[in-house]
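First comes the structure, then the notes that go with it.
Just so you know, these numbers come straight off a predicted model, no measurement behind them.
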Amino acid sequence: MIDIKLIRENPEIVKDNIRKKFQDDKLALVDEVKKLDEDYRNLRVEVDELRAKRNSGAKEIGKLLKNGLKEEAEQLKQSLATMGSQIEELEATEKKLEVEIRNIMFTIPNIIDKSVPIGKDDSENVEVERFGEIKEKNFEIPYHTDIMNNFNGIDIDSARKTSGQGFYYLMGDIARLHSAILAYARDFMINKGFNYHIPPFMIRSDVVTGVMSFAEMENMMYKIEVEDLYLIGTSEHSMIGKYIDTITPDIKMPLTLTSYSPCFRKEVGAHGIEERGVYRIHQFEKQEMVVICKPDDSMNWYEKMWRYSVELFLSLGIPVRQLECCSGDLADLKIKSCDIEAWSPRQQKYFEVCSCSNLGDAQARRLQIRLQGEDGKKYFAHTLNNTVVAPPRMLIAFLENNLNEDGSLDIPVALRPYMGGQDKILKK
RNA sequence: GGAGAAAUACCCAAGUGGUUGAAGGGGUCGGUCUUGAAAACCGAAAGGUCGUGUGAGCGGCGCGUGGGUUCGAAUCCUACUUUCUCCGCCA
């Protein structure tokens, strides 16, 4: 959500930005909302004047009554009553305009960073850099669920029975590996100075509508029946929700947070649930990083954050690449974003495992997350988020890259303390 | 889950329908005293947000949140949220 002042003063910047994102159908909205905003402000002046009159009139009645002038007071009451209904009418229009303006402002994309490559859709995303050495395997890598099966590590059939498609039982060493990776990721971020959080896994509807669009909500969020609660789709929801309507002294910035949570997603639309495996599922777990900082600092943090993901994956023997989101693929709230993709030796290609985003002040403006300088001035924070690691999807990359020809799995040094010291787990 | 009490500015707190942006403290800032500080005393300012104006300013909204009653609401009604106390239940 951008500042409407930008539309008042510099609509061309906003339109250019829309063109860069190939959303030309939204161009007309700029002039439309500009006009609505003018109407709104003119109306405000009118209503405010009336309200001022009513207020002073009401005070006058108080005085008259005090002086025992009942007749005059009654007369004044009459005239104020008619003014009251007039005000009510205008207020209805005022409210309507406010809602219309807000709705349009939600759909106008944030101004993208000048470094973002221009492109229509995800096919034009740009590979920036590759990290880690790809070790060619001279044997065939099985599908990830088959690898898991070799360790008696997964039971999807039973999960289908208990919960339907898109669920899984992880078992034995694979389940332990899953927990180990999360624990390692947690400590990895703590060692980077991030503050570890376990947030609520359910949030109220007002937080939900605050942190996401209506469409997103429909496609992602599970609602708890009877209660006003939703299962979170990512801990970002509860982590950002924590700061809604807050003013924090800016000397406390940056807030570097890392949070663990299970994530629940309906996955309606998009690609849907893949039948086989744990690539896209209704329930997974995720270690997340969230940074709230001063505007000047957000690009530095963006760079640091995606690099943390790279470092973590490399430390687990998984080659990755950074893929920068082009303008057309960038979500409307974001000013810059990239994916970290892990190498799949089986598919001989990279696939998404982390997504790092700088939202600029758009999220903060929408949620009123403000900072206060030592001079007392208040301004909107910048917010960023990135995946640290999200198993079981991450396990796909882990298993494929650390698999040996004899079916055993190497446990990288970093992970061994979390796996009871084992350097290898063996096929069952 | 049941019963009761409560929510006022940075903090504590007064205020039950009429100049209440909201008494009084604390804190903050300045001064006196002191080598410096503390204490004490004297004095002062500011307090959210939006609109409007070049500007000093003017005005709207605002006392947990949303509705309502009224010419007028911090004050009355209502729903919700949260906190505290007691009872019940439970990892």
Can you give me every donor-acceptor pair (side chain of residues 146-157 of chain A, partner residue at least two apart or in another chain, under 3.5 Å) with its distance?
| residue | atom | partner | partner atom | Å |
| --- | --- | --- | --- | --- |
| A/N149 | ND2 | A/T145 | O | 3.4 |
| A/N150 | ND2 | A/D146 | O | 3.4 |
| A/D155 | OD1 | A/D157 | N | 3.2 |
| A/D155 | OD1 | A/S158 | N | 2.9 |
| A/D155 | OD1 | A/S158 | OG | 3.2 |
| A/D155 | OD2 | A/S158 | OG | 2.5 |
| A/D157 | OD1 | A/R160 | NH2 | 3.0 |

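A distance of about 22 Å separates the C1' atoms of B/rC77 and B/rU20, rounded to the whole Å. Nucleotides B/rC61 and B/rA56 have their C1' atoms positioned 23 Å apart, rounded to a whole Å. Taking the P atom of each, B/rU52 and B/rG67 are spaced 23 Å apart, rounded to whole Å. Rounded to a whole angstrom, the distance from the P atom of B/rG43 to that of B/rG51 is 40 Å. Atom P of B/rC80 sits at a distance of 24 Å from the matching atom of B/rA73, rounded to the whole Å. Comparing B/rA74 with B/rA9, their P atoms are spaced 14 Å from each other, to the whole Å.
Whole-Å rounding puts the A/Y40 OH to B/rC61 P distance at 12 Å. Computed from coordinates, the A/E49 CD to B/rG53 C1' distance equals 13 Å when rounded to whole Å. A/Q372 has its CD atom 11 Å from the C1' atom of B/rG47, to the nearest Å. Atom P of nucleotide B/rU52 and atom CG of A/D39 are separated by 13 Å, given to the nearest angstrom. Spacing between atom CZ of A/R51 and atom P of B/rG72 amounts to 13 Å, rounded to whole angstrom units. Spacing between atom NZ of A/K63 and atom C1' of B/rG72 amounts to 14 Å, rounded to whole angstrom units. If you measure from atom CD of A/E98 to atom P of B/rC61, you get 14 Å, rounded to the nearest angstrom. If you take NZ of A/K53 and C1' of B/rU19, they are 20 Å apart, rounded to a whole angstrom.
Applying the 4.0 Å criterion to OP1 and OP2 of B/rU52, one finds that A/R41 has a side-chain N or O inside that range. At B/rG60, one or more side-chain N or O atoms of A/N55 fall inside 4.0 Å of OP1 or OP2 (strictly under the cut-off). For A/R44, no side-chain nitrogen or oxygen approaches OP1 or OP2 of B/rC61 to under 4.0 Å.
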Would you write the dot-bracket representation of RNA chain B, where each base gets (, ), [, ], | or . depending on whether it forms a Watson-Crick or G-U pair under 3.5 Å and with which partner?
((((((((.[[[..)..(.....]]].(((((.......)))))...(((((....)))))..[[[[[..)....]]]]])))))))....

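Between A/E60 and A/I4, it is A/E60 whose nearest contact on RNA chain B lies nearer the 5' terminus.
Which of B/rU49, B/rU52, B/rG59 sits closest to the side chain of A/R370 comes down to B/rU49.
In A/K120, the NZ atom is not crowded: 12 or fewer heavy atoms of neighbouring residues, nucleotides or ligands sit closer than 6.0 Å. The number of heavy atoms from other shown groups lying within 6.0 Å of CD (A/E303) is above 12.
Rounded to the nearest 0.5 Å, atoms CD1 (A/I7) and NZ (A/K5) are 13.0 Å apart. One distance of note links CZ of A/R54 with CE of A/M83; it measures 9.0 Å at 0.5 Å rounding.
Classified by its glycosidic torsion, B/rG47 falls in the syn category, the angle being within 90° of 0.
Between the side chain of A/D339 and the backbone N or O of A/E341 there is no donor-acceptor pair closer than 3.5 Å. A/R265 places no side-chain N or O within donor-acceptor distance of the main-chain N or O of A/T234, the cut-off being under 3.5 Å. Counting only distance, with no hydrogens or angles, the side chain of A/R370 and the backbone of A/T246 share no donor-acceptor pair below 3.5 Å.
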Using side chain to side chain donor-acceptor pair (under 3.5 Å), reason through A/S357 and A/K334 one step at a time and then give a plain yes or no.
CA-CA 7 Å; A/S357 308; A/K334 303 177 180 179; 3.1 Å; yes

Test log, rule ring pair (Phe, Tyr, Trp, His ring centres under 6.0 Å), inputs A/H282 and A/F167
CA-CA 6 Å; A/H282 289 309; A/F167 295 90; 5.3 Å; yes

Pull out every protein N or O sitting under 3.5 Å from an N or O of nucleotides 65-71 of chain B, one pair per line with the distance.
| residue | atom | partner | partner atom | Å |
| --- | --- | --- | --- | --- |
| B/rG67 | OP1 | A/K95 | NZ | 3.1 |

